[in-house]
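The first residue of the sequence shown is numbered 1, and numbering continues consecutively from there. Ligands are counted one by one from 1 in listed order, and the atoms in each one are counted from 1 as well.
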Amino acid sequence: MKVLLIAALFAGMASVALAEYPEKPVTVVVPFAAGGPTDKVARDLGEVLRQKLGQPVVIENVGGAGGTLGAAKVAKASPDGYTLLLHHIGMATSPALYRKLPFDTLNDFEYLGLINEVPMTLIARPKLPATTFNELMKWIKANKGQINLANAGLGAASHLCGLLFQQKVNVDMTTVPYKGTGPAMNDLLGGQVDIMCDQTTNTTAQIEAGKVRAYAVTTTKRLSTPALAKLPTLDESGLKGFNVSIWHGLYAPKGTPKAVVDRLNAAIRAALMDPELIKRQEALGAVIVTDARLSPAEHKKFVAAEISKWGPAIKAAGQYAD
Ligand code: ASP
């Protein structure tokens, strides 16, 4: 009887504790610099998540090493639902890029759900002489050995896209790594670097304002977003088979209680139905996820499949870090 009473008391306390989650601000770590594409997604989503969770959502930018520093920080954080990670395709490419990744992608996180898919664009500094893709190809051939390609470090989407681009055009460029493509964009606008492949969530406004050269999109279909609809695909421009689309998802440290994971997943699903969020993301070329990958189990399965998909291509390119 006594044992039962104590057990009931503990069960009651546990459900009260979980029922109260979240009872303080939730931090979302963005593993790239502020002002970049992943940061934009996090701030957009964070604003709606705040309403759904009833607590402030604080964005913390932990840039560096292509997103792996921020991911490592969350992998080691307390599994209480108050430190989350918003990360992209780098979750799936970094296992092949880093010999000693400081976390285990599939085993050190609770998967909370996929958020969006984002195409990329090939852009250049505003005064680069080439205005079309064909002119760019000629310019690249004429300037071999002197071309700077900006990216957000080994493991970033801009790195993956730039790597595939260099392979396809068979020209090696000097890569200039930043803590995110937010700061990289500033240098591109200032003419300090030549070329970048970056997500539309960061490039659409600059393309629309005519502040950068824009040559093509990285998906196999043209985009419908007005500012981007005129851009050809890299595939139709001659780089047959070029197809890169970035996705973002949310993660918690392994061991986060199931009730907290469920609460977060429900909040994410509700947030992703917000018409304003959908509109804002679409205007930047991004597509909100509405399929089964919204569930933690399917999100994890998808990342596992992406690891298998990208690993061989990356290893073939022979790029990795210790
Ligand atoms: N997502 C990175 C950022 O937010 C850029 C990248 O992955 O290329 O800066």
Side-chain angles (χ1 to χ4, degrees), residues 28-46 59-74 84-98 101 105 114-124 148-166 173 175-189 193-207 212 214 217-219 234 244-251 280-281 284-287 303 306 310 314 317 319 321:
V28 174
V29 171
V30 167
F32 296 101
T38 302
D39 184 66
K40 279 203 188 82
V41 173
R43 283 174 203 273
D44 252 17
L45 179 70
I59 306 298
E60 185 187 345
N61 297 90
V62 183
T68 58
L69 296 185
K73 178 171 175 162
V74 176
L84 310 178
L85 171 70
L86 191 144
H87 201 355
H88 65 12
I89 195 169
M91 282 296 265
T93 56
S94 54
L97 287 166
Y98 288 80
L101 201 58
T105 310
L114 211 65
I115 298 166
N116 71 0
E117 287 179 303
V118 194
M120 302 186 84
T121 43
L122 183 65
I123 59 171
N148 291 322
L149 175 83
N151 72 23
L154 219 65
S158 45
H159 167 261
L160 176 68
C161 185
L163 186 67
L164 299 175
F165 181 65
Q166 289 174 85
M173 302 175 193
T175 51
V176 184
Y178 294 80
K179 283 191 174 172
T181 49
M185 178 65 89
N186 290 340
D187 275 8
L188 191 87
L189 290 168
V193 284
D194 298 313
I195 299 179
M196 179 160 71
C197 185
D198 196 16
Q199 295 161 70
T200 57
T201 36
N202 199 33
T203 62
T204 302
Q206 308 293 359
I207 292 172
V212 292
V217 295
T218 62
T219 43
L234 282 173
V244 183
S245 176
I246 300 316
W247 39 266
H248 288 93
L250 265 173
Y251 307 83
R280 274 204 303 275
Q281 288 284 297
L284 296 176
V287 179
V303 174
E306 286 280 290
W310 292 109
I314 290 166
Q319 290 227 351

List ligand 1's nitrogen or oxygen atoms that come under 3.5 Å of a protein nitrogen or oxygen, with the partner atom and distance.
residue	atom	partner	partner atom	Å
ligand 1	1 (N)	T38	OG1	2.7
ligand 1	1 (N)	H88	NE2	3.4
ligand 1	1 (N)	Q199	NE2	3.2
ligand 1	4 (O)	T38	N	3.0
ligand 1	4 (O)	T38	OG1	3.3
ligand 1	7 (O)	H88	NE2	2.6
ligand 1	7 (O)	A157	N	2.8
ligand 1	8 (O)	A157	N	3.4
ligand 1	8 (O)	S158	N	2.8
ligand 1	8 (O)	S158	OG	2.5
ligand 1	9 (O)	T181	N	2.7
ligand 1	9 (O)	T181	OG1	3.4

Could you work out, with side chain to side chain contact (heavy atoms under 4.5 Å, CB included) as the rule, every residue matching D194, not counting sequence neighbours?
R125, L128, W139, I147, N148
Verify the distance criterion only: is there a donor paired with an acceptor across the side chains of T121 and T203 at less than 3.5 Å?
yes
To the nearest 0.5 Å, tell me how far T181 OG1 sits from F32 CZ.
8.0 Å
Could you pull out all donor-acceptor pairs under 3.5 Å where a side-chain atom in residues 84-97 meets a protein atom, sequence neighbours excluded?
residue	atom	partner	partner atom	Å
H88	ND1	G90	N	3.0
H88	NE2	A157	N	3.4
S94	OG	G90	O	2.7

Could you pull out all residues at least two apart from K73 that satisfy salt bridge (Lys or Arg N to Asp or Glu O under 4.0 Å)?
E60
Calculate, to the nearest 0.5 Å, the distance between atoms CD1 and OG1 belonging to I195 and T175 respectively.
12.5 Å
